[in-house]
Amino acid sequence: MEYNFREIEQKWRKFWAENQTYKVEEDPNKPKYYVLDMFPYPSGAGLHVGHPLGYIASDIYARYKRLEGFNVLHPMGYDSFGLPAEQYAIQTGQHPAITTEQNIARYRDQLDKMGFSFDWSREVRTSSPDYYKWTQWIFKLLFNAYYDTVSHKTTAIDQLIAHFEQHGSANCPAFTEEEFSFTAENWNAFSKKEKEQELQKFRLAYLADSWVNWCPAMGTVLANDEVVNGLSVRGGHPVEQKLMRQWSMRIKAYAERLLQGLDVIDWTDALKEQQRNWIGKSQGASVSFPLWNGIEGEDVTPLDLPSMGENSKSIEVFTTRPDTIFGVTFLVLAPEHEWVAQLTTEAQKEEIESYQKSASLKTERDRQSDVKNISGVFTGSYAIHPFTGEKVEIWIGDYVLAGYGTGAVMAVPCGDQRDFDFARHFNKEIRNIFKDTDISNEAYTEKDAIIANSDFLNGLPAKEAIKRAIEEIEKRGLGSGKTNYRLRDAVFSRQRYWGEPFPVYYENELPTLVEDEHLPIQLPEVDKYLPTEDGEPPLARSKKEDWNFTRGDRMEYNTMPGWAGSSWYFLRYLDPKNDQEFVAKDKVDYWGNVDLYIGGSEHATGHLLYARFWTKALYDLGYIPFEEPFQKLINQGMILGRSSFVYRIQQSNEFVTFNKKNDYNVTPIHVDISLVDNNKLDLEGFKNWMPEYASATFILEEDGSYTCGYEVEKMSKSKFNVQTPDELVEKFGADTLRMYEMFLGPLEQSKPWDTKGITGVNGFLRKFWRLFHPIENQFTLADGPGNEKEMRTLHRTIKRIREDLDRYSFNTCISTFMIAVNELTELKCNKREVLQPLIVLIAPFAPHMADELWEKAGGKPGEVHTSTYPQFNESYLVESSIDYPVSFNGKMRFKVNLSAQLSAKEVEEHVMNMEETQKWLEGKAPKKVIIVPGKIVNIVL
RNA sequence: GCGGAUGUGGUGAAAUUGGUAGACACGCUAGACUUAGGAUCUAGUGCCGAGAGGUAUGCGGGUUCGAGUCCCUCCAUCCGCACCA
């Protein structure tokens with residue numbers, strides 16, 4: 001029989017499903033191993049060839065571990081809340097649940113076709129009420145908790161309340177960045193609302209004002225990705241920065257633990273470095289600069305604060321270089337700094353306000369990428385240098401960010417390049433406080449200079465000066481040494497429909513939790529999935545009777561962000577059907593954390609940080625026995641796609657062809673690759689593609705065609721460059737596609753998608769099949785022992801595959817199999833002793849074929865997946881002779897086959913007596929002869 | 001600007017601790033078999049050279065008997081980003 005993959009694969013898929021081959025239960029007699037994939041968002045485009053890359057690798061590894069005797073948990077599910085389904089709902093009116101259901105069905109079908117060994121009885125979906133009930137429950141847990149800075153633990157808020165009742169805010173053990181001060185008497189006299197206002201400063205889930213990209217025309221908030229040059233990607237409407245009341249998560253409290261935890265997990269240094277960079281620990285000092293009271297000629301000294309009267313405020317700055325404080329020549333505030341309005345003098349008002357307005361039109365991303373344009377405005381006010389008593393100007397500039405540090409910096413042009421550029425641009429003084437440095441062209445930013453012109457810091461090296469400066473700052477009550485993290489609290493509200501509702505209602509604008517017995521709060525029906533006319537979230541459209549629970553004046557209308565459900569899903573797989581707990585204690589105790597986690601590096605700082613945060617909180621509160629969710633993590637490289645672009649003339653619905661786009665001000669827009677053939681756009685197809693393009697007009701090439709641009713970039717639904725695996729499974733079979741994706745290159749490396757090489761892998765599998773069907777496609781296995789060469793091939797293969805799997809080098813496994821099959825074909829080997837172990841060996845890679853061959857060889861169906869991994873025997877690998885390469889000055893000249901038994905001395909004697917050697921010696925005597933037994937001979941002339 | 005990664009044939013890549021650079025494939029060339037073939041088989045294939053040989057892992061240095069691998073300088077490309085004071 002020819003290798004009929006269609007028949008074989010269908011047969012075994014059916015068998016596995018009917019026999020629940022991959023279902024697992026807790027088994028105390030076996031060691032556990034948890035292999036997890038980052039679960040997919042079920043997009044309308046279906047799985048693309050990049051998804052399975054990681055799934056195939058994890059599946060091979062899970063199957064390998066199973067054969068090694070582990071009880072392997074290998075589940076799959078769907079991150080099924082998300083924007084695309086909602087956008088589709090807005091366009092078509094179809095409920096996102098229906099869209100999602102359809103997409104999941106499609107995904108499931110695609111996943112099944114790839115032959116994965118998932119235990120589908122454990123499937124989770126974040127959008128299922130059974131699941132999000134527990135997401136809501138965890139939210140409640142975090143709302144009812146604070147971070148205790150004494151015990152360094154997540155702690156129930158009741159303990160903090162008890163503290164306030166007894167001691168007021170004195171010695172408050174809770175982490176916060178807010179200001180607070182009250183006595184026990186104050187606290188006990190507070191109204192419920194006042195108490196809540198204080199508690200919000202400590203709860204891990206809390207309400208606060210956050211900056212968002214607000215698009216007034218669409219009445220909605222946009223992600224940074226959805227904004228380009230201050231305009232929305234969809235529709236090209238202006239977008240501005242706006243403060244909105246939002247739920248946030250106090251992840252900052254965990255900054256230090258998130259940093260420390262990296263030391264105990266097995267992630268790549270690159271990934272750890274990215275997280276460290278994101279957490280961004282920096283040490284320095286906060287320093288207060290008193291404000292000048294505005295009376296010219298009056299000598300205000302910094303220690304005379306109280307006498308400054310009503311304006312006795314000071315501006316607090318954070319600096320990592322307190323040693324450079326004598327180099328300060330002005331202060332710069334973020335344009336959004338809360339005091340800007342008060343500090344602005346009448347004369348500067350107009351300019352400041354227009355600058356604030358223009359800054360509000362820039363996203364943070366725009367602000368950071370624009371380093372060339374230096375901008376800022378003088379407020380008209382001054383602060384007093386706390387050490388010199390000098391007046392320094394207070395400016396605003398958009399290079400200072402409101403969200404980092406205190407939103408204000410002390411500008412030291414000689415020591416910071418941005419301050420230097422700012423000073424240059426506005427002709428401010430650049431005072432050199434570093435001994436023997438040249439700062440005529442750029443700032444001196446190294447921390448190795450000797451400080452000068454700096455009073456008590458003179459003569460100190462920078463590192464010591466930092467300590468000395470902090471001492472002095474603290475002594476004079478100007479501030480203190482401080483560790484700052486750039487990590488920001490995570491905004492947890494979305495003004496969307498398709499997400500988890502909050503278990504929260506409002507009474508008198510007081511947020512109150514819904515009791516557990518009413519969970520889940522289900523998503524109510526709405527007439528449209530858009531924000532309301534006055535910009536409220538879609539849930540505000542709901543009627544009271546559309547909710548399964550209501551209380552108070554109104555329910556919370558925001559929904560949770562995508563990362564809510566994905567921050568704990570790996571726990572739900574352990575106990576997916578439990579309706580009493582999010583996970584039972586005995587189950588989480590057995591399975592523990594994820595041993596191997598595979599997914600894309602785009603989650604390096606988002607999902608992976610949030611999941612670690614929630615895990616730590618759940619650990620502290622005693623629900624789970626581990627603090628780090630993912631022990632070993634591999635980022636699979638991206639499979640890159642080829643995207644196509646059309647070019648929209650800004651503020652219009654007119655599209656210009658690639659070769660004429662430079663004559664216009666255009667925005668490139670991704671267009672679906674199915675509408676593009678050989679870079680030519682299908683114009684009618686494009687108009688029918690999305691309603692907003694129905695009335696599109698075009699500026700075409702001379703020949704009347706529209707040429708698209710292209711780029712090789714990440715394959716993603718939003719880039720419309722998705723290639724699905726279905727076609728390839730159909731043509732070559734899942735086993736071939738599995739092995740081909742592994743063969744492409746190292747798992748972690750990104751590579752452009754290309755199907756050219758797949759025939760090679762398909763040919764290999766057929767050749768493998770032919771080993772078992774040597775004559776007229778009849779299955780045969782010969783008895784009798786394998787000969788020396790055959791056994792050496794087998795055992796070398798066993799050894800290499802195992803070693804390669806242990807280092808996750810899947811691509812070289814495939815090569816090793818190819819070499820084995822080439823050798824055995826050459827040897828015309830058909831012996832059971834040699835070939836049967838190979839079936840087990842290849843089972844993790846090509847499970848369908850393995851099952852078929854195993855059955856033919858007399859095994860029980862499905863048994864090959866629970867069999868034992870072949871052991872290799874070193875004795876078969878011993879070679880009797882070695883091909884020694886003989887090098888002269890490191891250059892290989894010829895080889896000589898010598899017995900492996902020879903000692904280094906004997907090898908040297910033999911080689912030196914050879915004619916070939918004499919030829920290359922050219923009559924000279926060698927200076928040195930290096931023999932590495934079993935490896936090489938190098939003769940130095 | 002900051003952070004991370006990567007540079008090896010026409011292409012994807014291999015070389016686990018410094019020890020024969022280019023395994024294994026794709027592609028290409030020539031041939032065999034074929035009505036046909038994205039089938040199969042044989043031979044060849046880094047570059048220069050008729051050959052002997054020379055040369056070659058982004059560039060330039062260094063360490064070493066020996067460097068793709070270790071160190072330094074530079075260059076290019078890709079990814080991420082919150083100008084992080």
Side-chain angles (χ1 to χ4, degrees), chain A residues 2 224 268-274 276-278 280-282 284 317-321 324 332 363-372 397-401 403-406 408-412 415-419 421 445 484-488 601-602 604-605 635 637-638 640 712-714 731-732 740 743-746 748-752 754-764 766-767 770 800 803-804 806-807 809 811-819 822 883-895 926-932 934-941:
Chain A
E2 228 350 277
N224 282 341
T268 60
D269 289 337
L271 185 57
K272 288 182 180 182
E273 199 52 37
Q274 282 182 66
R276 284 194 190 103
N277 193 41
W278 189 267
K281 183 177 182 173
S282 60
V317 302
F318 174 75
T319 176
T320 54
R321 297 293 305 273
T324 63
V332 188
T363 60
E364 272 188 24
R365 208 171 275 186
D366 289 339
R367 269 163 81 164
Q368 65 139 6
S369 57
D370 187 11
V371 286
K372 301 273 166 353
D398 68 5
Y399 78 100
V400 178
L401 299 180
Y404 182 76
T406 60
V409 302
M410 57 178 217
V412 184
D416 182 282
Q417 193 56 43
R418 284 159 321 213
D419 296 346
D421 294 339
T445 55
N484 208 17
Y485 299 90
R486 92 182 109 193
L487 181 70
R488 287 199 292 235
S601 60
E602 67 270 26
T605 46
N635 282 135
M638 277 181 294
L640 302 168
V712 170
E713 58 181 357
K714 192 176 154 184
K731 256 186 194 163
F732 299 103
Y740 178 59
F743 189 58
L744 277 177
E748 293 177 84
Q749 197 168 301
S750 59
K751 46 235 158 192
D754 183 3
T755 48
K756 278 205 290 262
I758 199 166
T759 52
V761 176
N762 190 244
F764 152 75
R766 278 187 279 126
K767 211 164 165 181
R770 275 204 299 277
R800 283 195 192 159
E803 283 171 356
D804 287 354
D806 285 342
R807 62 190 175 104
S809 176
N811 55 327
T812 52
C813 286
I814 313 297
S815 306
T816 301
F817 279 123
M818 288 174 169
I819 292 166
N822 289 347
D883 251 345
Y884 274 99
V886 179
S887 300
F888 291 77
N889 289 335
K891 276 196 169 71
M892 205 280 285
R893 294 303 183 185
F894 60 89
K895 289 179 192 172
K927 284 189 187 132
K928 203 172 178 183
V929 178
I930 314 259
I931 312 280
V932 182
K935 288 263 179 178
I936 54 116
V937 176
N938 189 21
I939 297 166
V940 186
L941 294 178

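All values below come from the heavy atoms of this structure, side chains included, with hydrogens, waters and symmetry mates left out.
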*Any chance you could measure Asn635(A), atom CG, to Ser750(A), atom OG, to the nearest 0.5 Å?*
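That separation rounds to 11.5 Å.
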Rounded to whole Å, please give me the gap between [atom1] in [X] and [atom2] in [N].
X	N	atom1	atom2	result
Asp804(A)	A23(B)	CG	P	17 Å
Ile814(A)	C26(B)	CD1	P	14 Å
Leu271(A)	G3(B)	CG	P	17 Å
Phe764(A)	G38(B)	CZ	P	24 Å
Asn762(A)	C24(B)	CG	P	19 Å
Asp419(A)	G1(B)	CG	C1'	14 Å
Arg488(A)	C83(B)	CZ	C1'	12 Å
Met892(A)	A67(B)	CE	C1'	17 Å

Nearest heavy-atom pair of [X] and [Y]: which atoms, and what distance?
X	Y	value
Trp278(A)	Arg486(A)	O-CG, 3.3 Å
Ala411(A)	Asp419(A)	CA-OD2, 3.4 Å
Asp804(A)	Cys813(A)	CB-SG, 3.5 Å
Pro885(A)	Ile936(A)	CG-CG2, 3.7 Å
Tyr399(A)	Val409(A)	OH-CG2, 4.3 Å
Asn889(A)	Val940(A)	OD1-CA, 3.5 Å

Taking the [atom1] atom of each, how far is [N] from [M], in whole Å?
N	M	atom1	answer
C75(B)	A82(B)	C1'	29 Å
A67(B)	G54(B)	P	16 Å
C47(B)	C2(B)	P	41 Å
G60(B)	A76(B)	C1'	15 Å
U11(B)	A85(B)	C1'	47 Å

Of the listed nucleotides ([options]), which one gets closest to any side-chain atom of [X]?
X	options	value
Phe732(A)	C83(B), C24(B), G38(B)	G38(B)
Pro746(A)	U55(B), G12(B), A14(B)	A14(B)
Leu401(A)	C83(B), G38(B), G4(B)	C83(B)
Arg486(A)	C24(B), G4(B), A82(B)	A82(B)
Lys895(A)	C24(B), U20(B), G3(B)	U20(B)
Arg418(A)	C83(B), C26(B), A25(B)	C83(B)
Asn277(A)	C24(B), G3(B), A14(B)	G3(B)
Pro885(A)	C41(B), A15(B), U20(B)	U20(B)
Arg766(A)	G19(B), A39(B), A82(B)	A39(B)
Lys731(A)	G38(B), G4(B), A85(B)	G38(B)

*Between Ser282(A) and Leu744(A), just flag the one whose closest nucleotide in RNA chain B comes earlier from the 5' side.*
Leu744(A)
_On RNA chain B, does the nearest nucleotide to Asn822(A) precede the nearest nucleotide to Leu487(A) from the 5' side, or the other way round? Give the residue._
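Its nearest nucleotide lies further toward 5', so the answer is Asn822(A).
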*When you look at Phe894(A) and Phe888(A), which way does the side chain to side chain contact (heavy atoms under 4.5 Å, CB included) test go after all the steps?*
CA-CA 10 Å; Phe894(A) 60 89; Phe888(A) 291 77; 3.7 Å; yes
With sugar-phosphate meaning primed atoms plus P, OP1 and OP2, does [X] contact a base, only sugar-phosphate, or nothing at under 4.0 Å between heavy atoms?
X	result
Arg276(A)	nothing
Glu803(A)	base
Phe318(A)	base
Phe743(A)	base

For nucleotides 46-52 of chain B, give me every protein contact, N/O to N/O, under 3.5 Å, one pair per line with atom names.
none

*Does Gln749(A) make a side-chain N or O approach to OP1 or OP2 of A13(B) shorter than 4.0 Å?*
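So the side-chain polar atoms of Gln749(A) do come within 4.0 Å of the phosphate oxygens OP1 or OP2 of A13(B), strictly under.
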*Could you check Glu803(A) against Arg800(A) for salt bridge (Lys or Arg N to Asp or Glu O under 4.0 Å), going step by step and ending with a plain yes or no?*
CA-CA 5 Å; Glu803(A) 283 171 356; Arg800(A) 283 195 192 159; over 6 Å; no
_With the 90 degree cut-off around zero defining syn, does G9(B) come out syn or anti?_
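Because its glycosidic torsion lies within 90° of 0, G9(B) adopts the syn conformation.
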*Determine the stems involving RNA chain B; a stem requires 3 or more consecutive pairs of the Watson-Crick or G-U wobble kind, each with both distances below 3.5 Å, and the answer is none if no such run exists.*
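Stem list for RNA chain B: B:1-7 with B:75-81, B:10-12 with B:24-26, B:27-32 with B:40-45, B:46-48 with B:53-55, B:60-62 with B:70-72.
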Polar atoms only, N or O, under 3.5 Å: list the protein pairs with nucleotides 64-66 of chain B and their distances.
| residue | atom | partner | partner atom | Å |
| --- | --- | --- | --- | --- |
| C65(B) | O2' | Asn938(A) | ND2 | 3.3 |
| C65(B) | O2 | Asn938(A) | ND2 | 2.8 |

*asked:* What I'd like to find out is whether the side chain of Met818(A) reaches to under 4.5 Å of the side chain of Phe743(A), using heavy atoms alone.
replied: yes
_From CA spacing to verdict: side chain to side chain contact (heavy atoms under 4.5 Å, CB included), Met410(A), Thr319(A)_ = CA-CA 7 Å; Met410(A) 57 178 217; Thr319(A) 176; 3.7 Å; yes
*So Thr816(A) and Ile819(A), side chain to side chain contact (heavy atoms under 4.5 Å, CB included) or not? Walk me through it.*
CA-CA 5 Å; Thr816(A) 301; Ile819(A) 292 166; 5.5 Å; no
*Would you say the side chain of Asn811(A) and the base of C24(B) hold a donor-acceptor pair, judged only by whether the two atoms sit under 3.5 Å apart?*
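When only heavy-atom distances are counted, Asn811(A) does not reach the base of C24(B) through any donor-acceptor pair under 3.5 Å.
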*Output yes when a side-chain donor or acceptor of Asn938(A) lies under 3.5 Å from a complementary backbone atom of Gly890(A), and no otherwise.*
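Yes; at least one donor-acceptor contact below 3.5 Å.
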*Show your working on side-chain hydrogen bond (donor to acceptor under 3.5 Å, both in side chains) between Thr812(A) and Ser809(A) and close with a plain yes or no.*
CA-CA 6 Å; Thr812(A) 52; Ser809(A) 176; 2.6 Å; yes
